[in-house]
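Atom set for the values below is all heavy atoms of this structure, side chains included, hydrogens, waters and symmetry mates excluded. In what follows, chains carry the letters A, B, and so on, assigned in the order in which the sequence lines appear, proteins first and then strands, with residues in each chain numbered from 1.
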Amino acid sequence: MTVLSVQNLKMYYKTSAGEVKAVDGLNFDIGEREVLGIAGESGCGKSSLASTLLKLLPSNAEIKEGKIIVEDADLVSMKDSDVRRNVRWTRIALVPQGAMNALNPVFRVGDQIAEAIMAHSNVSKADARAKTETLLKLVGIDPARGRHYPHEFSGGMKQRAMIAMSLALNPKILIADEPTTALDVIVQAGIIRLLLSVKDEFQTGVILISHDLALVAQMSDKTAIMYAGKFVEYGASKEVYKNPLHPYTLGLLGAFADIRKPKEALTSVPGSPPDLIDPPSGCRFNPRCPYAEEVCRTDEPPLVEAFPGHSVACHFWKEIRAQRSQKT
Amino acid sequence: MSDEDVILDVEHVKKYFPVRRTFLQAVSRQSGGQVHAVDDVSFKVRKGEIFGLAGESGSGKTTFLRTALMLTAPTSGSIKFKGTEISRFNRRQMKKFRTRIQVIFQDPYESVNPRMTVFDIVSEGLYVNNLVKSREDAVQRVTKALSDVEISPPEEFIYRYPHELSGGQRQRVAIARALVLEPELILADEPVSMLDVSIRAEVINVLLSIREKKGISIIMVTHDLALSKDMVDELAIMYVGKLVETGPAVDVVSSPYHPYTHALTAAVPVPDPDAPKIRVLARGEIPTNISPPPGCRFHPRCPFAQEICKNEEPPLVEATPGRKVACHFWKEAHEAFSKGMDAPAGAEIAQ
Ligand SMILES: Nc1ncnc2c1ncn2[C@@H]1O[C@H](COP(=O)(O)OP(=O)(O)O)[C@@H](O)[C@H]1O
Ligand SMILES: [Mg+2]
């Protein structure tokens with residue numbers, strides 16, 4: 001069953017220099033307990049997408065087009081007060097990027113979680129406290145630590161506390177935006193393990209946003225590769241990683257140091273991501289693409305299904321695939 | 001290799017910091033203790049070698065770097081640069097050596113002044129150290145350094161500002177700034193961790209090529225074991241102020257001896273949904289180095305720990321030719337790992 005369906009979603013920021021096309025025509029679905037991973041370079045619009053899905057947007061942001069459908073209701077046309085009451089926390093919860101630094105330093109962690117629970121539901125203080133203890137235990141924190149202040153928590157524990165908070169009202173979908181960035185690798189593995197167990201325990205769908213392709217591969221059923229506000233490749237994770245089709249996906253994989261492999265030379269994707277105010281015409285990746293031809297500079301390739309459940313937005317994906325299979 | 005090849009010889013370096021006492025400790029005249037940031041670390045870096053120092057945050061990597069840069073004197077021990085003890089230099093003595101050891105910082109956005117042109121940034125060290133005769137001389141050297149880091153055409157880039165450069169170009173300009181002084185040793189503190197994966201290779205490959213062409217030695221501080229395997233020759237794994245394992249990077253990463261090294265490698269994600277999921281093999285979290293655990297510092301987190309590990313600190317000793325490890329049970333651990341086991345049979349592991 002689909003719990004979230006996003007259709008042709010566009011969200012632009014108004015700035016003095018022009019419109020920043022941060023989310024530019026995205027389509028995807030998430031089923032119950034499904035994990036969608038979204039990977040892409042910084043600035044490609046991942047966090048913008050996360051805040052758009054909850055309509056937690058700054059005043060200069062505008063949803064231009066599209067639908068965000070949760071249980072037959074479209075959040076784009078829904079009143080903000082209804083989104084706040086009926087969607088945030090209860091249907092979709094967000095652990096924002098840098099969340100662990102958002103804990104208020106002067107209040108005890110447990111109190112902050114209990115406050116948040118009370119702010120979003122009609123429960124007594126005692127019930128909120130009890131719920132807080134259950135949640136802390138669930139994310140692997142001794143409930144007694146709830147009496148401690150944020151500075152007495154390590155980064156990993158703060159992130160666990162934020163995840164606990166987000167689960168308070170049993171959301172159907174949990175969005176985790178760069179949940180492990182700036183954490184050490186063993187701590188990161190613990191958080192990812194936690195998200196996977198939360199998914200099973202709470203039966204939530206998860207949107208995992210990360211700049212780290214490998215992290216996304218470790219936990220996602222489906223993977224979207226995002227570039228300059230758009231998905232350039234999208235499909236079952238197995239397909240996207242085993243049979244990558246877009247030159248950008250190939251570039252990211254070539255740039256990635258894989259610990260399983262023998263010593264190898266790494267290659268970079270030349271250039272840098274485009275300006276989202278005035279992106280390149282045609283395919284937005286064309287200035288960095290080793291395969292680009294004239295048509296790539298003039299015509300934007302649509303995201304089309306190349307194989308069942310595996311889409312790509314590239315004029316030459318077939319040729320590139322044939323060329324690569326010849327080489328190996 | 002002969003000892004003449006040794007560029008940096010680090011012997012028994014310790015760096016302790018006093019901990020600020022809490023109010024209660026102060027009134028009760030207790031001492032606040034000490035942070036054992038670097039605790040008896042020894043290693044050698046040879047000419048043209050890339051030496052990797054890897055470990056989690058708080059393991060003491062940055063403190064070590066600061067001592068090697070003569071920014072802070074070690075509590076004890078010695079650091080010799082080509083035979084000369086440099087760790088307790090005064091300002092005047094330092095001057096002679098300052099150009100020979102250069103540093104590259106983690107954040108290319110913070111480490112370059114946004115109001116300076118590329119020329120000003122790269123030439124600054126030349127002027128500060130009175131190394132140029134004329135502007136033409138400076139321009140020529142800057143141009144050369146920029147082409148060494150593959151900023152081309154250099155004549156065009158010289159008058160640009162940092163905001164006109166990509167993240168990768170900015171970090172390469174930072175390398176050029178070090179390179180222009182013709183150092184023999186470069187200390188690189190997580191030089192690519194702030195960059196997007198897609199552009200890391202352009203910086204890594206520049207570092208590899210200057211080592212190749214100029215025989216410059218590089219100490220790279222990193223937390224990325226996969227990258228170490230691809231880029232580093234000799235790797236040292238640091239845990240709470242101590243080295244726990246050293247050896248050729250490829251061997252250490254692909255076949256660890258120390259349970260901590262193994263826990264690090266098992267936590268590294270790979271871009272393959274069918275690969276075994278990342279695993280947490282160390283219980284709890286890295287302890288603070290204010291009061292590190294007695295015996296082996298890793299023992300409270302270690303699935304192989306036994307009684308002796310709580311009492312006796314294992315020394316870093318040669319295990320097999322070219323590889324050292326500080327673990328009482330490295331043989332048992334290594335055998336388990338080679339059989340695909342993460343812990344001794346029957347032992348409880350973290351998850
Ligand atoms: N409030 C804002 N106003 C204008 N531009 C913004 C705002 N927030 C983000 N952006 C821009 O939107 C683009 C996408 O940013 P973001 O969603 O943060 O990307 P990511 O999370 O993938 O790093 C960037 O170009 C960024 O500078
Ligand atoms: Mg972001």
Side-chain angles (χ1 to χ4, degrees), chain A residues 37 39-44 154-157 182-190 192-193 196-197 210-221 223 236-242 244 248 251-273 288, chain B residues 54-59 165-169 192-205 208 223-233 248-250 253-254 260 263-282 284-286 288 301 350-351:
Chain A
E41 280 167 287
S42 52
C44 73
S154 67
M157 282 176 64
L183 294 178
D184 278 311
V185 62
I186 297 177
V187 182
Q188 159 170 291
I192 293 301
R193 284 273 169 177
L196 285 170
S197 74
S210 176
H211 66 278
D212 185 342
L213 209 63
L215 199 65
V216 166
Q218 288 283 297
M219 71 170 280
S220 311
D221 305 306
T223 293
S237 297
K238 290 206 169 150
E239 288 302 313
V240 173
Y241 292 93
K242 298 269 165 176
Y248 180 57
L252 287 178
L253 289 169
F256 184 84
D258 189 332
I259 196 160
R260 296 168 305 172
K261 294 193 181 154
K263 194 174 184 118
E264 61 181 345
L266 302 173
T267 49
S268 56
V269 182
S272 44
R288 303 176 73 186
Chain B
E56 291 172 275
S57 37
S59 59
L165 308 176
S166 70
Q169 286 170 339
V192 299
S193 68
M194 304 284 281
L195 300 176
D196 267 307
V197 174
S198 67
I199 53 173
R200 280 183 191 173
E202 66 179 60
V203 173
I204 292 163
N205 293 337
L208 288 171
H223 62 263
D224 188 336
L225 285 194
L227 186 63
S228 303
K229 180 256 306 167
D230 288 334
M231 158 163 203
V232 160
D233 304 311
V250 177
V253 170
S254 64
Y260 177 60
L264 285 176
T265 59
V268 175
V270 294
D272 179 357
D274 290 336
K277 293 274 172 280
I278 46 181
R279 287 155 299 153
V280 183
L281 303 178
E285 295 190 358
I286 187 166
T288 69
R301 307 179 69 190
Q351 348 154 5

> Which bit of B:V250 comes within less than 4.5 Å of chain A, counting heavy atoms only: side chain, backbone, both or neither?
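Looking at B:V250, just its side chain touches chain A.
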
> Using a 3.5 Å distance criterion without hydrogens, assess whether the side chain of A:Y241 forms a donor-acceptor pair with backbone atoms of B:D274.
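It does not hold such a pair.
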
> Out of A:A189, A:P273, A:G155, A:S272, return the one with the most heavy atom pairs under 4.5 angstrom to chain B.
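That would be A:A189.
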
> For B:L227, is it the side chain, the backbone, both, or neither that has a heavy atom closer than 4.5 Å to a heavy atom of chain A?
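Both backbone and side chain.
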
> Drop me the distance from A:D212's CG to A:Q188's CD, to the nearest 0.5 angstrom.
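These two atoms lie 6.0 Å from each other.
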
> Between B:V192 and chain A, with a heavy-atom cut-off of 4.5 Å, which part of the residue counts as in contact: side chain, backbone, both or neither?
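For B:V192, no heavy atom lies under 4.5 Å from chain A.
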
> Keeping A:S237 on the side-chain end and A:D221 on the backbone end, is there a donor-acceptor pair under 3.5 Å?
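Yes: the side chain of A:S237 pairs with the backbone of A:D221.
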
> Given a strict heavy-atom distance threshold of 4.5 Å, which part of B:N205 is in contact with chain A: side chain, backbone, both, or neither?
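For B:N205, the side chain is the part near chain A, not the backbone.
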
> With only heavy atoms counted, which part of B:E285 is less than 4.5 Å from chain A, the side chain, the backbone, both or neither?
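Only the side chain of B:E285 comes within 4.5 Å of chain A.
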
> Would a distance-only check, ignoring hydrogens and angles, find a side-chain to backbone donor-acceptor pair under 3.5 Å from B:E56 to B:I286?
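Between the backbone of B:I286 and the side chain of B:E56 there is no qualifying donor-acceptor contact (under 3.5 Å).
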
> Between chain B and each of A:H211, A:K261, A:M219, count heavy-atom pairs under 4.5 Å; write down the option with the most.
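Option with the top pair count is A:K261.
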
> Keeping the roles fixed (side chain from A:D184, backbone from A:I186), state whether a donor-acceptor pair exists under 3.5 Å.
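Flag not set: sc A:D184 to bb A:I186 has no pair under 3.5 Å.
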
> So which of B:V197, B:V203, B:T265, B:L225 has the biggest tally of heavy-atom pairs under 4.5 Å with chain A?
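Most pairs with chain A among the choices: B:V197.
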
> Identify the two heavy atoms, one from A:L215 and one from A:I192, that lie closest to each other, and give their separation to 0.1 Å.
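Nearest pair, atom of A:L215 first, then A:I192: CD1-CG1, 3.8 Å.
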
> Between CG of B:D224 and NZ of B:K229, what distance do you get to the nearest 0.5 Å?
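One gets 9.5 Å once the value is rounded to the nearest 0.5 Å.
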
> Quick one: which of B:M231, B:E202, B:R200 has the most heavy-atom pairs under 4.5 Å with chain A, could you say?
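It is B:E202.
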
> B:A226, B:A201, B:A249, B:P271: which one forms the most heavy-atom pairs within less than 4.5 Å of chain A?
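Going by pairs under 4.5 Å, I would pick B:P271.
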
